[in-house]
Structures are given as structure tokens and as C-alpha cells.
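I have placed the structure first, in the form of C-alpha cells, so that the comments after it can refer back to it.
Proteins get letters first, then strands, A, B, ... in listed order; numbering begins at 1 in each.
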Protein chains: 2
Amino acid sequence: MGVSEFKIEEFLKQHNIKPSYQRMKIYNYLIKYKSHPTVDEIYQALVDEIPTLSKTTVYNTLKLFLDNKIIQLITIEENETRYDADISIHGHFKCLECGRVYDVWLDMTKMKLKGLDEFRINESHVYFKGTCSKCLIKHKN
Amino acid sequence: MGVSEFKIEEFLKQHNIKPSYQRMKIYNYLIKYKSHPTVDEIYQALVDEIPTLSKTTVYNTLKLFLDNKIIQLITIEENETRYDADISIHGHFKCLECGRVYDVWLDMTKMKLKGLDEFRINESHVYFKGTCSKCLIKHKN
DNA sequence: GTATCTGCAAAACATTTGCAATTCT
DNA sequence: AGAATTGCAAATGTTTTGCAGATAC
């Protein structure tokens with residue numbers, strides 16, 4: 001496991017979140033796999049280990065994490081809400097063939113904006129869609 | 001009306017879309033108001049004028065427009081799919097106070113991307129959230 | 001013992017699907 | 001008439017809500 005359970009427990013406490021078993025497992029899943037999972041993917045991945053787990057708890061927990069700003073929400077596809085424990089400013093790329101979501105590091109400070117004079121920007125989101133390198137290589141074979 | 005019905009009829013025909021009454025009204029709504037509406041907003045706006053209108057038709061029509069690439073889909077908020085008849089490359093800004101969605105013109109060519117080597121990018125999307133100038137002015141009063 | 005957390009079941013929405021009625025040519 | 005379009009009703013899928021039981025301090 002990339003981050004020890006103890007560290008996660010401390011981390012959640014520092015953010016005013018009581019570190020219940022379910023919460024620690026869900027947060028651990030997010031930082032371990034970095035796969036930008038949906039609610040259902042998190043639920044399916046953990047239900048074997050936590051047989052009593054309910055989707056309601058996954059929803060409740062993610063909402064709590066969002067409110068406390070330790071995760072961010074990724075909206076790429078309509079009807080598909082994803083979550084990311086990396087809250088640094090970065091974009092995403094979704095491969096339309098395999099469905100994987102990748103991180104994209106970009107410098108948005110150079111981007112000139114027209115039409116936002118006098119607006120207050122709180123959040124900036126960038127995402128791309130296309131075909132990832134893994135899928136492109138498959139085509140060659 | 002900004003664009004005559006005749007022009008819309010011709011436009012749809014040019015894109016292999018049979019210009020039914022409903023389709024012309026829906027397309028007209030999109031180009032007239034440029035408000036990036038949801039399905040429900042379109043439906044509510046037109047149902048007075050077309051009392052038999054159903055949401056199914058709005059869904060069908062928007063899907064047809066998307067397939068024929070005369071509109072684009074905007075995904076800003078999870079659970080809220082919006083549509084835009086302006087298919088040029090631009091971003092959007094959603095005001096978290098009044099809910100309005102604005103167009104943002106930006107030059108993305110200057111944006112340096114890290115992590116997308118060998119990827120094929122088909123679509124690029126940029127959006128912002130915050131407070132628009134109209135709402136900021138309200139605060140001063 | 002009291003607060004909180006969890007999870008079932010039902011409700012609330014948004015979107016899709018099947019199909020019959022309507023419209024257009 | 002024949003093909004396409006419309007729209008109702010039901011189904012689907014996701015997220016939210018109410019609440020009762022379990023758990024933690």
C-alpha cells in the first residue's frame with residue numbers, strides 16, 4: 001500500500017474528518033489507484049473487502065471529502081461523475097477507446113481569456129478526449 | 001427573431017436534417033438565446049408555443065443535431081447537460097450564484113501540455129466556475 | 001448515553017427505449 | 001400508402017433522502 005493506514009488516519013483527522021473504517025478505505029482507494037473512479041467503481045472495488053458497504057456510504061463519504069476539499073470532482077462525461085484525490089491544478093484526458101482517465105499537467109497562466117473581464121474565477125477545468133498511446137499502439141499490431 | 005425561419009430551414013436541410021416544425025423551433029431557440037440551455041429549459045421555453053411537445057422529442061432532436069455536428073454538448077456540472085449551437089472552439093464560464101453560462105474565448109495553442117506524449121487529442125474542453133460581473137456588482141449595492 | 005455513522009429502502013431526477021399514433025410526401 | 005417523426009408510458013440508471021439500527025467515544 002502506497003500510504004500507510006496510519007498516515008491516512010492522521011490525514012483525515014487533520015481535515016476534521018473522523019477516520020472511520022469505510023472512510024479510510026475509500027480515501028486509500030483514491031490515492032492508491034489514482035484511476036479517477038466513479039462511485040460505482042469504488043463500490044465494486046471495496047465491497048469484497050467490506051461486504052456490508054453500501055453505495056449510500058460511498059456517496060456520503062465522497063460528499064464529505066469534497067466539502068472538506070481533500071478530493072476534487074471531475075466532470076468529463078455527462079452521466080459519469082469521477083473523483084480525484086489529487087487536488088493540485090491539473091487537467092484530464094479521457095481515452096474514448098479504453099475509457100481510462102489520465103492526468104494532464106498544463107500551464108494555464110499563458111492562456112489568454114476574452115469575455116471574462118470583471119469575473120471572479122474560482123475554479124478552472126480543462127479536459128481532453130481522444131485516443132491514448134496504449135490504444136494507438138494496439139492499432140499498429 | 002435573429003435568424004429567419006427560412007434560413008433555419010435551409011441550414012438544417014444543408015446538414016441532412018429534415019426541417020420539421022419542432023426541429024426548427026429547437027434550433028431557433030439555441031441560436032436566438034445562446035443561453036446554453038438544458039433539455040428541461042428548452043422544453044419549458046417551447047411547450048407554451050408547442051403544447052404537444054414532449055421531452056422525448058427534445059432529446060431526439062438534440063441527439064440528431066449532435067450526430068450531425070451542428071451543436072455541441074457542454075458538460076460543466078455533473079447531472080446537468082447543456083447544449084450550444086456555437087460549435088466554434090471556445091470555453092465556458094458558469095456563475096455559481098446566478099447559474100448563467102457565459103462563453104469564453106481563449107487561445108489554447110499556447111498551453112503546454114505534459115503527460116500527453118503520443119496521445120491523439122480529438123476534443124479539448126475548458127470551463128471555469130466563479131462569480132460573474134453582474135453578480136459581483138449586486139454585492140456592491 | 002448521546003452523537004455520529006452506516007446502510008437499507010424508497011423517492012427523486014435525468015435519460016433511454018418500445019411502441020402506437022400522427023404527420024408528411 | 002409508406003417512411004419518417006412525434007410523443008406517451010414504462011424502463012433504466014444515478015443520486016438523494018428518510019430513517020432505523022449499529023458503532024464509537
Any donor-acceptor N or O pair under 3.5 Å, side chains B/Asn68, B/His15: no
Least distance between heavy atoms, A/Arg82 atom then A/Gly99 atom: NH2-O, 4.2 Å
Watson-Crick or G-U wobble mate for C/dA3, both contacts under 3.5 Å: none
Protein-to-nucleotide contact annotation, 5' to 3' order, nucleotides 8-18 of chain C [B base; S sugar-phosphate only; - none; under 4.0 Å, heavy atom]: BB----SBBB-
Aromatic contact, B/Tyr102 with A/Phe119 (centres under 6.0 Å): yes
Any-strand Watson-Crick or G-U partner of D/dT23, both distances under 3.5 Å: none
Rounded distance (Å) that lies between atom C1' of C/dT25 and atom OH of B/Tyr21: 20 Å
Any pair counted as ring pair (Phe, Tyr, Trp, His ring centres under 6.0 Å), so long as it reaches residues 54-81 of chain A, sequence neighbours left out: A/Tyr27-A/Phe65
Whole-Å gap separating P (C/dT25) and NZ (B/Lys18): 9 Å
Short side-chain N/O contact to D/dT5 OP1/OP2 from B/Ser20, under 4.0 Å: no
A/Tyr127-A/His92 aromatic ring centre distance below 6.0 Å: no
Which atom of B/Pro51 lies closest to which atom of B/Glu49, heavy atoms considered: CD-O, 3.5 Å
Anti versus syn assignment for D/dA3, with syn defined as within 90° of 0: anti
Length of the line joining B/Ile26:CD1 and D/dG7:C1', which is rounded to integer Å: 12 Å
Protein-nucleotide distance (A/Lys25, atom NZ; C/dC5, atom C1'), rounded to Å: 18 Å
Rounded distance in Å - CD1 (A/Ile50) to C1' (D/dT23): 15 Å
N or O in side chain of B/Gln22 less than 4.0 angstrom from D/dG7 OP1/OP2: yes
Atom-to-atom span, CG of B/Leu12 to C1' of D/dA4 - whole angstrom: 16 Å
May I have the list of side-chain donor-acceptor pairs in residues 38-46 of chain B shorter than 3.5 Å, sequence neighbours left out?
from	atom 1	to	atom 2	distance (Å)
B/Thr38	OG1	B/Glu41	N	3.1
B/Asp40	OD1	B/Lys55	NZ	2.6
B/Glu41	OE1	B/Thr38	N	3.1

Between C1' of C/dT6 and CG of A/Leu46, the distance in whole Å: 15 Å
A/Met24 CE - C/dT6 C1' separation (whole Å): 15 Å
